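On a predicted model such as this, the values are computed, not experimentally measured, just so you know. We use all heavy atoms of the structure for the numbers below, so side chains are in, but hydrogens, waters and symmetry mates are not.
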Amino acid sequence: MDTATAGLTFRDATDADVDALVELIESAYRGDSSRVGWTTEADILEGQRTDPEGVLAVVKSPDSRLLTVERDGGVIACCQLEHRGDHAYFGMFAVSPELQGGGLGKVIIAEAERAARESWGVREMHMTVISVREDLIAWYERRGYRRTGRMTPFPYGDERFGIPQRDDLRFELLVKELV
């Protein structure tokens with residue numbers, strides 16, 4: 001393990017983590033703070049990425065885990081894992097912007113895949129990514145995910161998911177076999 005990934009603790013989020021997780025997710029995707037990292041959506045979406053109710057719903061759901069990553073007692077990353085029958089869904093992935101690009105994401109997604117296989121015995125991981133996020137999709141492809149071409153509409157008009165700055169947003173399903 002290198003210095004970027006040393007000292008990490010993985011655990012399931014609790015109610016007490018909700019505010020810190022909302023702050024982390026917002027900082028990774030929205031506003032000027034997100035521009036420090038490379039996962040920003042600030043040019044395509046304004047407004048919020050999530051809210052305390054949305055994060056708490058994942059924490060409380062019996063079919064979900066919100067994997068929280070800490071270093072030195074502080075929350076630095078998270079991801080949602082949801083059991084959906086024969087596969088798991090991976091979402092709400094956020095790494096603190098100032099820590100992006102150092103290999104942390106690779107370690108976290110590998111741990112998420114291991115946890116989904118071990119916890120639920122699933123053989124596939126699914127995720128949806130905004131289709132115009134070519135750099136992010138390419139990163140997932142390098143981790144073994146494949147584009148399916150299956151699209152779902154972006155929830156235009158529902159500001160809980162942000163305020164779109166363009167009219168061509170949709171989600172593409174990415175899939176990886178977990179072997």
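- Rounding to the nearest 0.5 Å places CZ of R146 at 8.0 Å from CG of L173.
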D12 vs L67, side-chain contact (heavy atoms from CB on, under 4.5 Å): CA-CA, chis, key distance, verdict: CA-CA 5 Å; D12 287 341; L67 194 60; 4.2 Å; yes
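- Heavy atoms only, all atoms of each residue included: A28 and Q100 are closest at CB-NE2, 4.1 Å.
- Open room surrounds CD on E159; 12 or fewer heavy atoms of other groups in view lie less than 6.0 Å from it.
- Sorted by first and then second residue, the ring pair (Phe, Tyr, Trp, His ring centres under 6.0 Å) pairs involving residues 44-64 (not counting sequence neighbours) form an empty list.
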Derivation of the side-chain contact (heavy atoms from CB on, under 4.5 Å) call for V107 and F10: CA-CA 11 Å; V107 171; F10 292 86; 4.2 Å; yes
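- Side-chain atoms of I25 and C78, non-hydrogen and from C-beta on, do get closer than 4.5 Å to each other.
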Worked check of side-chain contact (heavy atoms from CB on, under 4.5 Å) between V58 and S61: CA-CA 5 Å; V58 173; S61 172; 5.8 Å; no
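- Listed here is the closest heavy atom pair of R147 and I137: NH2-CD1, 3.5 Å.
- Heavy atoms from other residues, nucleotides or ligands lying under 6.0 Å from CZ of R84 number more than 12.
- Of all non-hydrogen atoms in A115 and L81, the two that sit nearest each other are CB-CD1, 4.1 Å.
- E26 places a side-chain N or O within donor-acceptor distance of the main-chain N or O of R49, the cut-off being under 3.5 Å.
- L169 and V129 end up in different hydrophobic clusters when Ile, Leu, Val, Met, Phe, Trp and Tyr side chains are linked at under 4.5 Å.
- Within the 4.5 Å cutoff, no side-chain heavy atoms of H83 are placed close to those of S64.
- Contact check for I76 versus E70: no side-chain heavy atoms found under the 4.5 Å cut-off.
- Within a 6.0 Å radius of CD in E141, more than 12 heavy atoms belonging to other residues, nucleotides or ligands are found.
- With respect to the salt-bridge test (charged N to carboxylate O, under 4.0 angstrom), the residues R65 and E82 do not qualify.
- Summarising the local packing, CZ of R150 is surrounded by 12 or fewer heavy atoms from other residues, nucleotides or ligands at distances under 6.0 Å.
- Following chains of ILVMFWY side-chain contacts shorter than 4.5 Å, one can reach W38 starting from L104, so the two form part of one hydrophobic cluster.
- The shortest distance between side-chain heavy atoms of D86 and R123 does not fall below 4.5 Å.
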Derivation and outcome, side-chain contact (heavy atoms from CB on, under 4.5 Å), residues L66 and M92: CA-CA 8 Å; L66 190 50; M92 215 177 275; 4.1 Å; yes
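- The closest donor-acceptor contact from the side chain of Q165 to the backbone of L45 lies at 3.5 Å or more, if one exists at all.
- Considering every non-hydrogen atom in both R166 and Y156, the closest pair reads O-OH, 3.0 Å.
- For the residue pair E172 / T148, no side-chain donor-acceptor distance below 3.5 Å is found, with atom types taken as modelled.
- In this model, a donor atom of one side chain and an acceptor atom of the other lie less than 3.5 Å apart for T128 and Y89.
- Closest approach of S34 to P97, counting heavy atoms only: CA-CG, 4.4 Å.
- Checking D51, D17, V18 one by one against L56, the side chain to side chain contact (heavy atoms under 4.5 Å, CB included) holds for a single residue, V18.
- Other residues, nucleotides and ligands place more than 12 heavy atoms under 6.0 Å from the CZ atom of R35.
- The cationic group of R117 does not satisfy the cation-pi geometry with W120, failing either the under 6.0 Å distance to the six-membered ring centre or the 45° limit from the ring axis.
- L136 and V175 fall into different hydrophobic clusters, where Ile, Leu, Val, Met, Phe, Trp and Tyr are joined by side-chain heavy atoms under 4.5 Å apart, directly or via other members.
- Taking NZ of K106 as the start and CZ of R142 as the end, the distance is 8.0 Å to the nearest 0.5 Å.
- Sorted by first and then second residue, the pairs that involve residues 159-179 and meet ring pair (Phe, Tyr, Trp, His ring centres under 6.0 Å), not counting sequence neighbours, are F154-F171.
- Under the 4.5 Å side-chain heavy-atom criterion for Ile, Leu, Val, Met, Phe, Trp and Tyr, V95 and I130 are members of distinct hydrophobic clusters.
- I44 contributes atom CD1, which lies 13.5 Å from atom CD1 of I163 (distance to the nearest 0.5 angstrom).
- Atoms NE2 and NE2, from H87 and H126 in turn, are 4.5 Å apart once rounded to the nearest 0.5 Å.
- Taking 4.5 Å as the limit, every side-chain heavy atom of P153 sits out of range of all side-chain heavy atoms of R170.
- Side-chain contact check for D135 versus R133: some heavy-atom pair is nearer than 4.5 Å.
- Counting heavy atoms from C-beta outward, I108 and C79 have side chains that approach closer than 4.5 Å.
- L178 and F93 fall within the same hydrophobic cluster, where Ile, Leu, Val, Met, Phe, Trp and Tyr residues are linked whenever their side-chain heavy atoms come under 4.5 Å apart, directly or through other members.
- Shown here for V122 and G85, the closest heavy-atom pair between the two residues is CG1-O, 3.9 Å.
- Taking 4.5 Å as the limit, some side-chain heavy atom of K60 sits within range of a side-chain heavy atom of D15.
- With a 6.0 Å radius and a threshold of 12 heavy atoms from other residues, nucleotides or ligands, R11 has its CZ atom above the threshold.
- The NZ atom of K176 sits 11.5 Å away from the OH atom of Y140 when rounded to the nearest 0.5 Å.
- Counting only distance, with no hydrogens or angles, the side chain of E41 and the backbone of T39 share no donor-acceptor pair below 3.5 Å.
- Note that OG of S27 and CZ of R30 are 12.0 Å apart. Values are rounded to the nearest 0.5 Å.
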